[in-house]
Structure formats: structure tokens, C-alpha cells
Amino acid sequence: MDGLIILDGSGRPIIQSNFRNHPPSYPLSIVDAFNDALSKTLPENRATRSVDSGDLDPVLYISSTASGPAICCHVEKGGLRFLCPASQDIDPLFIFAFLERFLSVLQEYLQDISLAVLKEHFDVVYQVLEEMLDDGKPLTTESNTLRDIVLPPSFFNKVLSVAGVSGLSNATPAPFSSPIPWRKAGVRHNKNEIYFDITEDLDAIMARNGTLLSSTIWGRIDCNSRLSGIPDLNLSFINSKAFSDPSFHACVRLQKFAQTSSLSFVPPDGNFVLMEYQVSPSAVTRGSTAMSSGGLQNQLLNFVPLILKSKIEVGEKGGSFTFTVTPRSGSEQLKHRLGVENVVLSLGLDSGAIGAFCTASFNSGGQGFGGSRDKEREERAAGVWAWEPNKKTLRWTIPSLGSPSASSTWTLKGTWTSTEQVPRPCRSIMMHFQTPHMLFSGIKVDQLRMTSEMYKPFKGVKIASKAAVEWRW
């Protein structure tokens, strides 16, 4: 990596690292090339369809700079753009990993990432950047170590600096004084507690006849540790065989996990990602014996609580559609009465689409109280639809499924108009939903044991799952 450049919303650089091995014009040529590439994605420069910044290639090749050809990896956060150019051979994933870590540290320091916050804490951002990136090489990336070197901004520190008071920083331990790189020395908390957030994401593709074409489940364990001293923890799981291709925080002892499938670690202080993993397909059988590929497919289908049937007719300069959603009998969410929330269906229409009109309805399958109250409830249950002209996308949102019967149905009927003689809408419909109290893998926290400290910590565990299902039509 050659360095880091932060641009505001108008494309002007506001902060950049020191490009020691390059001429002064090098970062300017990177900024100009990025702004030129971004301008080509704007609606006024793309007559075919409206696009957003997400359509810009995350890795740009720049053929001519002050130092020869280079690549530029970039991400967007809080209306700002973070550019990381490289003129030597390097894996872009390495650059994106550093950018993700840098943004995570900034989030911990500033609580929010925006132009106003960066201007207010300009000095802190520069100090953090210089400590994390030294001559293009990542140096100190652990937030606990950084806090010993660069003090987080606070109102109290501002008052002291304005008043000219000094000499109070001696109470802070010397940098790198802790024997554990990721944990500060002398950590003390009034309440000793640790929280684990386990989330899993399902990505699936469904054929037109409702069969499962492909699926992948990813998991992540986020941790928020507020423990005093140097706690040595051991976290064990139920159904730990679901872990596949795991990656860990540096604090986890790998040999211990290989032997017992439990996590043994001394946690950093504060928020961190303890573990990321992929769910083994055989793990969703809930401990049953080996089954055929067809049986495994049916098991995976049980995690999609809804069945979508679509009918789309394309005519001259427009078309019509009907979406019908019904509960899937035997799905894990409905079987155990777990709430399915934030169901969102989206269909990308053609580049010439100029508007849509829809009607959403809900049939409770005979369950209801009757009268106007029942009618109002069904209108709310039908959800709301919206047309997004910038993205040429039709979106239908159902806030919550509630406790539907097997015969309940949700229906969206509508039409759209287009300037295209023969419109070509997207050939698939995306469905997103969330289940707050369920994991696809069936993983559960068994127990948390602590050694090396005398107190008993409070443990909190929260689980949730999300899904993105692509339905072909």
C-alpha cells in the first residue's frame, strides 16, 4: 500500500497519509482518476440506466500516474470515500482488510464517521492514521494498544487542552507495557460483564419451481468485553460441528479449538470480532444421521419460511405482475413460532421504467376478529410498497409475519410503464427477511468458564439470523 486518502462528498481530499516514496503529484493523480471514474457512473453520464456509487468497481486500475500504473481500492462510509492506492503487486483483499480495520478503529474513537466529526477531531484522525499505517505498511492495528498511544477525544480532554493543563497523562500506562498485545494493562471495571452477539446470514438461490439451487450460510460472533484484570476465558458450544472454515481474532488459541472445538482466549477490552465461520451443510440436520442430497436440500428449504409465486407479463412499454407469498409448512421459524420480521421483496425493472402502481393485500385464511378492526389489521399486515426511481426498483415490505395460518396469503398486484419498446425486467426477485431468535446452524452457547480472576462475570448471549433469497421467475 502506498498510503490512504480521505475525500469529502464533493471529491476533495481532506486527510491523507504521507506518501514518502512518491512525488507530491502522485496522490493528486489518484484523486483525479477516481473522480473521473466516479463521474462516469452518474445518471447524467449514463443514458442507459440510473446507477449509484455501488456500481463503481471497488478496485480501479489507473494506467498513468506520477509513479506509473497503479490500482486504487476504495470504500464509502458516512458520505466520505477512503482511497488506498498501490503501485506494487499486492492482493486487494489485504488492502480492504486494512480499510475495514481502520474504519472500525475510527468508529470506536469517534462514535460516528462523518465530515463534521472528522473536522472536529482532525488531530486524532491524523495520529491514528500515522500509528496504523507506517510507510505503507500496517503497524499498530489493535484499538487497545492504540488507546495507550493516542488518547480518544473527550469533552474533558478538550477542557484541559484549552485551559493549558498538562501532566495528567502520567496515569496512563506506558505504550506497549502490556504483555498481551491486544489488551491494555491495568483494566478495571465496576461491573464485570461480557456479551456475545451471534448472527448468521443465509444466501440462497431458488429455481422457478421452488427447488433450491444453491445456498451458503455464514456466521459471525461479535463480543463486547468489560472484564477487569486479565481474564482467561473458555467458551464452549452445543453443535460445534457446524463450524467450517473458521477465522479467529488473534486472542483465540488455535490448538485448543482444534482439540475441543471450544474458544479459549484472553479477550481485548471493548468490542471486537471473536470469530467468523461458514456453516457446514451437514450441520443443519440437527444431529440426525447422514442423509441423501435430496433430504439435505429439504432440510435447508425449511429455513426459508415463505414460498413466492410470481407471474410477470411484459407488454409494449410496460407490463404487469402478481406476487403471491404463502407460509411454508414445516419451516423452522413457523414450527417453533419464531417471529419473521422485515420481509422485503424487490424487483429491478428495466432501465426505461418511469413508474409503477400496485395494490397489496393480505388474507388471514379465516383467522380474524371481524369488523373494522380486523380490516385495519389486515391492511397493516399486507405491508407497503414503494417505487425507487433512482434505482428503477420496486420494493414491497412486510414488517412482520406474526403467527400466520397455513392458508394465509400476501399478494401484490400491479403494473409499470416504461419508455422502452420491449422492457426487460430483472429475471429474479430478491427476498430478504430476519429471524431474531434463531440460528440456521443450531449453534448454542453451552457455558463460559473463567480462570485467573476471582470474580464471576455476567454473560449475555444474543442470536439472530438474516437471509437473502433470490427467486428466479
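Remember, predicted model here, so these are calculated numbers, not experimental data.
- Under a 3.5 Å cut-off, the side chain of S17 and the backbone N or O of L4 do form a donor-acceptor pair.
- The backbone N or O of K462 sits nowhere less than 3.5 Å from a side-chain atom of H437 that would complete a donor-acceptor pair.
- Using modelled atom types and a 3.5 Å distance limit, the side chains of E193 and Y195 yield a donor-acceptor pair.
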Could you walk me through whether F265 and F248 pass ring pair (Phe, Tyr, Trp, His ring centres under 6.0 Å), step by step?
CA-CA 10 Å; F265 60 100; F248 305 97; over 10 Å; no
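- Here the side chain of T65 pairs a donor or acceptor atom with the backbone of G68 at under 3.5 angstrom.
- Using a 30° and 60° split on the angle between ring planes, Y26 and H22 fall in the parallel class, below 30°.
- Side-chain atoms of N35 come within 3.5 Å of backbone N or O of G11 as a donor-acceptor pair.
- Judged by distance alone, the side chains of T216 and D203 never bring a donor and an acceptor atom under 3.5 Å apart.
- Counting all heavy atoms, side chain and backbone alike, L83 lies closest to C72 at CB-SG, 3.9 Å.
- Between E388 and R395 there is a salt bridge, since at least one side-chain N of the basic residue sits less than 4.0 Å from a carboxylate O of the acidic one.
- Using a 4.0 Å cut-off between charged nitrogen and carboxylate oxygen, D201 and K466 count as a salt-bridge pair.
- Using cut-offs of 30° and 60° for the angle between ring planes, the F243 and F257 rings count as tilted.
- Of all non-hydrogen atoms in M206 and L212, the two that sit nearest each other are SD-CD1, 3.6 Å.
- At a threshold of 4.5 Å between non-hydrogen side-chain atoms, the residues W385 and T359 do not count as touching.
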Assess whether ring pair (Phe, Tyr, Trp, His ring centres under 6.0 Å) is satisfied between Y126 and F122, documenting all intermediate values.
CA-CA 6 Å; Y126 251 118; F122 195 77; 5.2 Å; yes
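- In this structure the side chain of V75 reaches within 4.5 angstrom of the side chain of L103, judged on heavy atoms.
- In summary, D446 and K444 do not engage in a salt bridge, as defined by a charged side-chain N under 4.0 Å from a carboxylate O.
- For the pair R427 and W473, the cation-pi test (distance below 6.0 Å, angle within 45°) is passed.
- With hydrogens and angles disregarded, a donor-acceptor distance shorter than 3.5 Å links the side chain of R328 to the backbone of V304.
- Between the side chains of D350 and W416, at least one donor-acceptor pair of N or O atoms lies under 3.5 Å.
- Checking side-chain atoms of Q278 against main-chain N and O of G219 turns up no donor-acceptor pair under 3.5 Å.
- In this structure, N239 contributes its side chain and S441 its backbone to a donor-acceptor pair below 3.5 Å.
- Here the side chain of K392 pairs a donor or acceptor atom with the backbone of A353 at under 3.5 angstrom.
- Counted by atom type alone, S10 and R12 present one or more donor-acceptor pairs between their side chains at under 3.5 Å.
- Residues V252 and L274 form a side-chain contact, since some pair of their non-hydrogen atoms from C-beta on lies under 4.5 Å apart.
- For the pair E316 and Q421, the tightest heavy-atom approach, listed with the atom from each and the gap, is OE2-NE2, 2.7 Å.
- Looking only at side-chain heavy atoms (C-beta outward), D245 and E276 stay at 4.5 Å or farther from each other.
- The minimum heavy-atom distance between T141 and R101, with the atom names listed, is O-NE, 2.8 Å.
- Counting heavy atoms from C-beta on, the side chains of I205 and W471 never come closer than 4.5 Å.
- Between V445 and I198, the closest side-chain pair of non-hydrogen atoms falls below 4.5 Å.
- A side-chain N or O of E108 and one of S143 form a donor-acceptor pair less than 3.5 Å apart.
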Using side-chain contact (heavy atoms from CB on, under 4.5 Å), reason through E313 and K311 one step at a time and then give a plain yes or no.
CA-CA 7 Å; E313 297 180 349; K311 180 181 180 182; 3.1 Å; yes
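- A pairwise comparison of heavy atoms in H249 and V273 identifies CB-O, 3.3 Å as the closest pair.
- Here the side chains of I354 and T419 are in contact, with some heavy-atom distance below 4.5 Å.
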Apply ring pair (Phe, Tyr, Trp, His ring centres under 6.0 Å) to F323 and F321, showing your working.
CA-CA 7 Å; F323 301 149; F321 53 84; 5.3 Å; yes
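- Put simply, the side chain of I194 reaches to within 4.5 Å of the side chain of F196, judged on heavy atoms.
- In this structure a side-chain-to-backbone donor-acceptor pair under 3.5 Å is missing from S29 to P27.
- Of all heavy-atom pairs between C426 and L347, the closest is O-CD1, 3.7 Å.
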